[in-house]
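Read the structure below first, then the notes.
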There are 2 protein chains.
Amino acid sequence: MKQRSSIIGSVEALPHRVASHLSREIEGGDIIPGARLPTESQLADKFGVSRNVVREAIAQLRADGMIEARQGIGAFVMAPEQRTAIRIDREALKDQRNMEQLFELRSILETESATLAAARCASDDLDAIKAALDRMGGEERWEDGSIEADLLFHRAIARATGNGYIYTFISFVCEQIRQSIHYARLTNPLHDLVEVNVAEHVRIYDALAAHDPQAAGEAMRRHIDGAASRVGVELTAKINRGK
Amino acid sequence: MKQRSSIIGSVEALPHRVASHLSREIEGGDIIPGARLPTESQLADKFGVSRNVVREAIAQLRADGMIEARQGIGAFVMAPEQRTAIRIDREALKDQRNMEQLFELRSILETESATLAAARCASDDLDAIKAALDRMGGEERWEDGSIEADLLFHRAIARATGNGYIYTFISFVCEQIRQSIHYARLTNPLHDLVEVNVAEHVRIYDALAAHDPQAAGEAMRRHIDGAASRVGVELTAKINRGK
DNA sequence: CTTGCGATGTTGTAGGATGACCGTATGATC
DNA sequence: GATCATACGGTCATCCTACAACATCGCAAG
């Protein structure tokens, strides 16, 4: 079959490209909430793809609650508040300010996570956290393994809160940050900073093991601040949070 | 065209039903991460739908990072940690314990949101918050309008933090809770409780207007606790959070 | 004026055809 | 016998056409 003339040449799949394009148009305000999208056929012509591809793209956006399609009428843009999913634009994180804000959110979640975990964690929770910590301090300080153990550590704490939503949200935010960092600079030895990083984790673990919520929370907050500065993000806007 | 024999009779669209079914199978552990899904044709036969429908369902799951399709090989289940989107199962919120956990997460986010907002909010931010408050206390205390103004109030505070991610996360969590409540019990007069609710909001606003972070945070925490108990959810596991 | 019905447009679903890509088996070459 | 090129079947990616389900509008009959 002859190849249609595509909009852009890329490795990404067509539905994803169409979805991204529509998503940006909606996010950017080109199409206001409540407005109707062009028909599937029109979109197919516009992007130079088949109607089938357009439908798959719309299926993705519809799953997020970004648009709503009604049979016989058309597809409509929905208000951004009633999304059924949270999605973070990886591109936006290249902006230092956005990364800073995401770190601030992470700080909030993780600080409280550590606080709750200190009060609730059982012995097996502590074992899991300790295991992750050992992996970090162990021989596999090389790039990937270390980062993986780092995430494992934080997830283990989140799990120790006993709150599945906290676990989900923290996992998500951390993963977004990790991938964004990993993408920005692939090589990151800096062994002296690794030592600092491990030391911060040890302090968190000690507070958790002592079941001291306040100490755990503060250790975690300092750690996130440190982690942020280590990747070049300064949480300048530090407020005198209720401490 | 003759109607195929569908799995279940429902008003939901076919792709969504297939996606939900697959999602539950993955979430439930029936298909472990890394495993390969049946081919599109097999799934089409299994669900009694066309391959087109299966592809739309997979498109949704793929957008969430739940599965990954590789041309020429098949579709594979991915680890739950590397999802690219957060989605909350509305069904699961019917379980009191899950609702309780979601409220706890909301408490964390909103408390810190109020704290930050108190330190950062500008006069126009306060105006927006005040406007929402007036709408709540105003004449439209009837069901929907009141709840809408309530959400508007909380969103205005989140916006005043200047952190877009905090706004997104809080909007999302609040919306999930609202829809779940709205679904559970459609009628909710209880006018005396409405007065209490408004009073709590006033206290939050006063703290924000006074730019008192600690007072704002505590007022918000008390409000969320109160809101939870008003819908029958007790945040029993209250910890001595770093006060 | 109201009501019913057809025309038209839109999304939803079915089904088949072809291209692109992957893994493996087969067979030729050294 | 070992190695490498090629053929083949399986699978996803995309395209196309056709029809069903639903909504809206206009027009004609009552």
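By convention in this document, chain letters (A, B, ...) are assigned in the order of the sequence lines, proteins followed by strands, and residues within each chain are numbered from 1. No experiment lies behind these values; they were computed from the predicted model shown.
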### Message
Can you tell me if B:S50 touches the phosphate of C:dT13, counting only side-chain N or O atoms and a distance under 4.0 Å to OP1 or OP2?
### Response
no

What side-chain donor-acceptor pairs closer than 3.5 Å can you find for residues 24-38 of chain A, not counting sequence neighbours?
from: A:E25; atom 1: OE2; to: A:K46; atom 2: NZ; distance (Å): 3.4
from: A:R36; atom 1: NE; to: A:I73; atom 2: O; distance (Å): 3.3

### Query
Does CZ belonging to B:R90 count more than 12 external heavy atoms closer than 6.0 Å?
yes

### Summary
Separation of C:dA17 atom P from A:N52 atom CG, nearest Å, is 16 Å

### Message
Expressed as a whole number of angstroms, how long is the span from B:F76:CZ to C:dC21:P?
### Response
17 Å

### Summary
Expected string for nucleotides 7-13 of chain D under the B/S/- scheme (protein heavy atoms, under 4.0 Å, primed atoms plus P, OP1, OP2 as sugar-phosphate) is ---BBBB

### Task
With A:R17 as the cation and A:F47 as the aromatic partner, state whether NZ or CZ is under 6.0 Å from the six-membered ring centre and within 45° of the axis.
no

### Query
Does one side chain, of B:N98 or B:D89, offer a donor that lies under 3.5 Å from an acceptor on the other?
no

### Query
Under the salt bridge (Lys or Arg N to Asp or Glu O under 4.0 Å) test, which residues partner A:E175, sequence neighbours left out?
A:R178

